[in-house]
Amino acid sequence: MTEMTPVTEATAKKAPTLPDAQTITQVKHWTDNLFSFRVSRPQSLRFRSGEFVMIGLLGDNGKPLLRAYSIASPSWDEELEFYSIKVQDGPLTSKLQHIQPGDGIILRPKPVGTLVHDALLPGKRIWFFATGTGFAPFASLLRDPETYEKFDEVVITHTCRDVAELEYGKQLIENLKSDELMQELIGEEHLNKIRYYPTTTREESLKMGRITTLLTDGTVFKDLGIAPINVETDRAMVCGSLAFNLDIKKILEDFGLTEGANSDPREFVIEKAFVG
Ligand code: A2P
């Protein structure tokens, strides 16, 4: 695992002139298949934690090659952070995985998305359900004081194949709890209420199994010592593969929750984790 490299004046000059160009400031590789990076933020860009933007590079034909990426940093951060899979033959991520601090990246400053507080009705407990890089929007929402103003309890579940794939989320949550700025912004008492529930499906770990199974057989509630999901108190946001989203949707509906949208806030919202 390489440490994040800070951008220097020498590397900053490498940024080419692109439409909507921003500059990479940090890159961190987590596994052979996962990396995160930080990007300069356009001064005019305002977004709601949980939203996504289109980012990319110029393709071989000279045209922008763009994909939707959830912003993983909170809306108050002066830079933007993204968390990505590396697909070896993926049109964008096969190239994007080689970016270095100082390189340019295209970022269309038009944030959109449904994993936003505005799309949920008030409640007491919020669940964030993620698989793989679906953790990204929750990395933003977990660092947003609004999450803790709106909910008394925050449960984040993250299911990955292997233990190493959990590391980005694990470190983020550990840092959240120990970071002085976060304690000031959010309050230690709120941060201590975060319940983190990581599971793996293909490598031995403390908790194994798909979160869908652990929800339906009640294991999650037993492990965390909390009441089952209830339409009066619980709200949820979901971000994973299409199959995962459909399975969780069914489970949440069985608990009596209904799907909301920006224009029609309800008890849960869903977004597909984007792959490039
Ligand atoms: P599994 O290993 O049992 O397929 P992927 O890398 O394929 O996107 O999967 C990421 C994680 O999400 C894996 O742990 C995978 O479990 C899990 N997963 C994939 N599909 C579903 C689903 N429909 N319901 C619950 N978990 C799922």
Side-chain angles (χ1 to χ4, degrees), residues 1 28-37 50 52 67-70 72 82-94 96-97 113-115 126-142 155-173 195-224 228-229 234-259 267-276:
M1 198 185 299
K28 184 162 181 168
H29 293 272
W30 296 89
T31 70
D32 288 349
N33 300 316
L34 293 168
F35 71 119
S36 61
F37 50 96
F52 64 85
R67 292 285 182 272
Y69 270 85
S70 290
F82 298 97
Y83 181 48
S84 179
I85 196 168
K86 306 176 197 174
V87 182
Q88 295 319 325
D89 55 359
L92 179 61
T93 62
S94 61
L96 194 63
Q97 62 183 289
T114 57
L115 299 185
I126 179 108
W127 293 77
F128 295 145
F129 293 108
T131 61
T133 55
F135 190 88
F138 305 131
S140 176
L141 285 153
L142 282 166
V155 185
I156 162 87
T157 83
H158 192 197
T159 300
C160 292
R161 294 179 182 201
D162 309 324
V163 174
E165 294 171 339
L166 292 169
E167 194 60 25
Y168 172 80
K170 180 170 166 251
Q171 284 193 23
L172 188 129
I173 287 163
R195 313 297 300 269
Y196 172 49
Y197 195 80
T199 79
T200 57
T201 48
R202 305 204 188 180
E203 188 186 5
E204 199 75 38
S205 72
L206 286 178
K207 182 53 68 179
M208 293 202 61
R210 288 180 162 198
I211 191 67
T212 40
T213 312
L214 300 165
L215 276 170
T216 14
D217 69 9
T219 305
V220 182
F221 312 118
K222 215 165 89 200
D223 284 346
L224 295 175
I229 291 176
D234 290 84
R235 305 293 174 254
M237 295 193 187
V238 180
C239 191
S241 63
L242 193 58
F244 170 73
N245 290 355
L246 289 173
D247 287 353
I248 284 269
K249 179 180 157 85
K250 166 91 175 52
I251 292 168
L252 292 174
E253 286 173 348
D254 287 347
F255 278 115
L257 278 60
T258 58
E259 186 173 356
E267 293 94 17
F268 73 90
V269 278
I270 295 192
E271 199 109 84
K272 194 160 127 337
F274 306 101
V275 183

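Start at 1 with the first residue, then count along the sequence. For ligands, and for the atoms within them, numbers begin at 1 and follow the listed sequence.
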* **D162: salt bridge (charged side-chain N to carboxylate O under 4.0 Å, His left out) partners, not counting sequence neighbours** => none
* To do: Mind checking salt bridge (charged side-chain N to carboxylate O under 4.0 Å, His left out) for K250 and listing every partner two or more places apart, or none if nothing turns up?
  => D254
* **Ring center gap for F135 and Y83 short of 6.0 angstrom** =>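 So the answer is no for these two rings.
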Distance dump, ligand 1 polar atoms to protein, N/O, under 3.5 Å:
{"residue": "ligand 1", "atom": "2 (O)", "partner": "T201", "partner atom": "OG1", "Å": "2.7"}
{"residue": "ligand 1", "atom": "2 (O)", "partner": "R202", "partner atom": "NE", "Å": "2.6"}
{"residue": "ligand 1", "atom": "2 (O)", "partner": "R202", "partner atom": "NH2", "Å": "3.3"}
{"residue": "ligand 1", "atom": "3 (O)", "partner": "R210", "partner atom": "NE", "Å": "2.9"}
{"residue": "ligand 1", "atom": "3 (O)", "partner": "R210", "partner atom": "NH2", "Å": "3.4"}
{"residue": "ligand 1", "atom": "4 (O)", "partner": "R202", "partner atom": "NH2", "Å": "3.2"}
{"residue": "ligand 1", "atom": "4 (O)", "partner": "R210", "partner atom": "NH2", "Å": "3.0"}
{"residue": "ligand 1", "atom": "6 (O)", "partner": "R161", "partner atom": "NE", "Å": "3.0"}
{"residue": "ligand 1", "atom": "7 (O)", "partner": "R161", "partner atom": "NH2", "Å": "2.9"}
{"residue": "ligand 1", "atom": "14 (O)", "partner": "C160", "partner atom": "O", "Å": "3.2"}
{"residue": "ligand 1", "atom": "14 (O)", "partner": "R161", "partner atom": "N", "Å": "3.4"}
{"residue": "ligand 1", "atom": "14 (O)", "partner": "T201", "partner atom": "OG1", "Å": "2.6"}
{"residue": "ligand 1", "atom": "16 (O)", "partner": "T201", "partner atom": "OG1", "Å": "3.2"}
{"residue": "ligand 1", "atom": "23 (N)", "partner": "A243", "partner atom": "O", "Å": "3.4"}
{"residue": "ligand 1", "atom": "23 (N)", "partner": "F244", "partner atom": "N", "Å": "3.4"}
{"residue": "ligand 1", "atom": "23 (N)", "partner": "D247", "partner atom": "OD2", "Å": "2.8"}

* **Any donor-acceptor N/O pair, N245 side chain to G240 backbone, under 3.5 Å** => yes
* **Contacts of type side-chain hydrogen bond (donor to acceptor under 3.5 Å, both in side chains), residue S140, not counting sequence neighbours** => S49
* **Donor-acceptor pair between T219 and D217 side chains, under 3.5 angstrom** =>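 Indeed, the side chains of T219 and D217 share at least one donor-acceptor pair under 3.5 Å.
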